[in-house]
Amino acid sequence: MKLGKFFNSIAFRISVAIAVVIAATTITVGEIILKEERETLEHELISKGRYLAELLSHNVREPLLNNDNKTVLSIIEGSMISKDSLIVYADVYDRKDSLIADAYREQRYSMPLPPFNLDKSLTDVEIKEDADLPVYHFRLPVRSDAAETVGFLRLSISKEPLYRTLADTRQKIYLIGAAIIFIGIMLGLMAARKILKPIIVLNEGVKQVGEGELGVEVPVIGMGEIKELAGSFNKMSVKLKELVDAIKAAQKNLVRTEKLYAVGEFSAGVAHEIRNPLTSIKMLFQMVKSRKETMSPKDIEVIEKEINRIDRIIQSFLAFARPEKIEMGEVNIRDVLDDVITITRPKMGQCEIRLEQTFPVDLPRINGNYDALKQVFLNLVLNAIQAMEGRGGTLGIESMAVDGAISIVVRDTGMGIPEKYLKKVFDPFYTTKKDGTGMGLAMTHNIVNDHSGSIDIDSVFGHGTSVKVKFPI
Ligand SMILES: Nc1ncnc2c1ncn2[C@@H]1O[C@H](COP(=O)(O)OP(=O)(O)O)[C@@H](O)[C@H]1O
Ligand SMILES: [Mg+2]
């Protein structure tokens with residue numbers, strides 16, 4: 001599968017959708033956890049700060065009372081020596097609000113603290129967040145044993161350790177989230193492929209049909225609507241093939257019919273056919289004229305023969321070009337065939353042709369015109385006899401009823417038709433016989449059409465021909 005196609009596939013999209021949902025859930029849950037953790041940590045930091053402030057306040061009380069400013073400074077400096085110490089700034093004021101000592105851990109924490117309201121009435125720790133620095137500010141009174149305020153202590157503690165912990169947690173959550181997305185896509189892909197397999201198979205089938213491979217069927221797998229769809233697809237595919245075959249057959253007939261009605265072609269054909277006998281008659285007359293004789297009985301006989309030929313050609317042309325409206329009725333094909341056999345039997349005898357007949361006991365009747373149908377089978381039987389003339393053979397006539405139709409096959413062991421002429425035999429005026437009109441099969445085809453039937457010819461050159469006619473019951 002090409003990469004672009006893969007990204008476009010439903011399987012991929014479904015798995016991405018699943019993964020996105022999982023990821024969104026993971027991140028939301030992660031953020032909630034982070035928020036709670038932050039609150040807990042802030043709370044912890046504040047109580048630690050409060051503890052440190054109270055401890056420091058206790059430690060500076062004695063030196064403050066003794067006016068030992070040096071000790072006060074060393075105590076507050078000492079409180080932030082340790083690298084892990086949270087205290088980043090501290091200062092101490094005396095009772096009269098004058099600065100006794102101050103210390104900071106880093107330059108950036110050295111900036112003066114926001115102005116505190118050095119409220120003398122302050123009895124407990126006061127806590128503030130800084131607007132710019134990541135610190136909490138604490139202020140509290142330094143009190144003597146007699147609960148008397150002797151000064152004030154201010155200190156700032158860093159939020160950085162808290163931030164570090166939060167950043168660590170966040171990183172972990174995102175890593176887990178990414179892993180879940182990846183696993184989600186993989187699992188989703190696997191699941192989607194499994195679910196979509198019937199659709200993929202169906203899709204292949206549709207593609208094949210689209211490429212003209214009609215009649216393909218896909219395995220009916222999957223469940224529910226998909227399974228139903230596969231079944232319907234198979235039905236459709238088969239029906240489509242039937243339809244297209246029917247259209248093709250109809251088209252073939254249409255082309256032929258169209259050809260038949262091309263009057264120009266007929267007229268040219270007729271003119272051509274008539275020219276030969278006319279020329280012989282003309283030549284005879286000229287000969288008689290130049291000999292200055294009366295006509296001999298033989299001449300008259302020739303002329304009569306040629307005139308008959310012209311008459312035959314014109315008759316069949318007229319019958320073909322302007323077929324009389326035929327009246328339909330119930331016809332027993334068996335009677336028709338019996339009639340045809342009676343007429344042609346003497347000719348078969350002359351040509352040493354053996355007749356093989358297969359009839360079921362009762363053949364259903366069809367709707368048709370007796371004389372027209374007789375014409376059809378007379379043409380076919382005569383063609384068969386003519387094909388075996390001078391060489392003998394077997395003429396087979398088989399009839400049978402097959403699903404809603406009856407079919408009659410006229411078979412001979414005559415000379416056959418070369419394959420390249422098979423298409424032409426139904427064309428008007430196509431003949432290979434000296435006295436032929438070439439109208440027999442053309443008319444036969446037309447009559448069969450009028451009976452909503454079909455006609456097919458099969459032949460092996462040098463071995464024989466079989467013509468199959470089918471009529472609906
Ligand atoms: N059973 C057959 N065996 C061999 N050729 C045949 C057979 N039926 C028809 N044909 C060929 O088809 C041509 C056309 O037949 P048809 O239309 O009946 O005209 P015609 O019999 O007057 O020639 C014939 O001339 C012959 O070449
Ligand atoms: Mg014929």
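One-based numbering along the sequence shown. Whatever order the structure lists them in is the order used to number ligands and atoms, beginning at 1.
- Remark: ligand 1 atoms within the under-4.0 Å shell around heavy atoms of Ala387 are 2 (C), 3 (N), 4 (C).
- If you take CD on Glu398 and OG on Ser466, they are separated by 8.5 Å, rounding to the nearest 0.5 Å.
- For ligand 1 and Gly436, the ligand atoms under 4.0 Å from any heavy atom of the residue are 22 (O).
- Distance check: Leu363 CG to Leu337 CG gives 8.5 Å after rounding to the nearest 0.5 Å.
- For atom 17 (O) of ligand 1, the nearest protein heavy atom (residue, atom name, distance) is Leu441 N, 2.8 Å.
- If you check which protein heavy atom lies closest to atom 11 (C) of ligand 1, you get Val425 CG1, 3.9 Å.
- For atom 9 (C) of ligand 1, the choice among Val410, Asn383, Leu380 with the nearest heavy atom turns out to be Asn383.
- Protein heavy atom closest to atom 1 (N) of ligand 1, with residue, atom name and distance, is Asp412 OD2, 2.8 Å.
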Would you sort out whether Asn234 and Lys239 count as a side-chain hydrogen bond (donor to acceptor under 3.5 Å, both in side chains), showing the intermediate values? CA-CA 9 Å; Asn234 287 347; Lys239 275 263 163 343; over 6 Å; no
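- With rounding to the nearest 0.5 Å, the separation of NZ in Lys48 from NE2 in His43 is 13.0 Å.
- Scanning the protein heavy atoms around atom 14 (C) of ligand 1, the nearest turns out to be Tyr430 O, 3.2 Å.
- Here the side chains of Thr444 and Ile455 are in contact, with some heavy-atom distance below 4.5 Å.
- Considering CD of Glu356 and OG1 of Thr413, their distance stands at 9.5 Å, rounded to 0.5 Å.
- Residue side and main chain included, Asn383 places an N/O/S atom under 2.8 Å of the Mg ion (ligand 2).
- Regarding atom 6 (C) of ligand 1, its nearest protein heavy-atom neighbour is Ile417 CD1, 3.6 Å.
- Both the backbone and the side chain of Thr431 come within 4.0 Å of ligand 1, counting heavy atoms alone.
- The distance criterion of under 3.5 Å between nitrogen or oxygen atoms is not met by Met415 with respect to ligand 1.
- With salt bridges taken as basic N to acidic carboxylate O contacts below 4.0 Å, one links Lys159 and Glu129.
- Atom CG of residue Leu202 and atom CZ of residue Phe233 lie 6.0 Å apart, to the nearest 0.5 angstrom.
- The closest side-chain heavy-atom distance from Thr358 to Ile397 is not below 4.5 Å.
- Considering only non-hydrogen protein atoms, atom 26 (C) of ligand 1 sits nearest to Thr432 OG1, 3.4 Å.
- No heavy atom of Asn379 sits closer than 4.0 Å to any atom of ligand 1.
- In this structure, the protein non-hydrogen atom closest to atom 19 (O) of ligand 1 is Gly438 CA, 3.3 Å.
- Of all protein heavy atoms, the one closest to atom 21 (O) of ligand 1 is Lys433 NZ, 2.8 Å.
- Under the 30°/60° scheme for interplanar angles, the aromatic rings of Phe471 and Phe377 are found to stand perpendicular.
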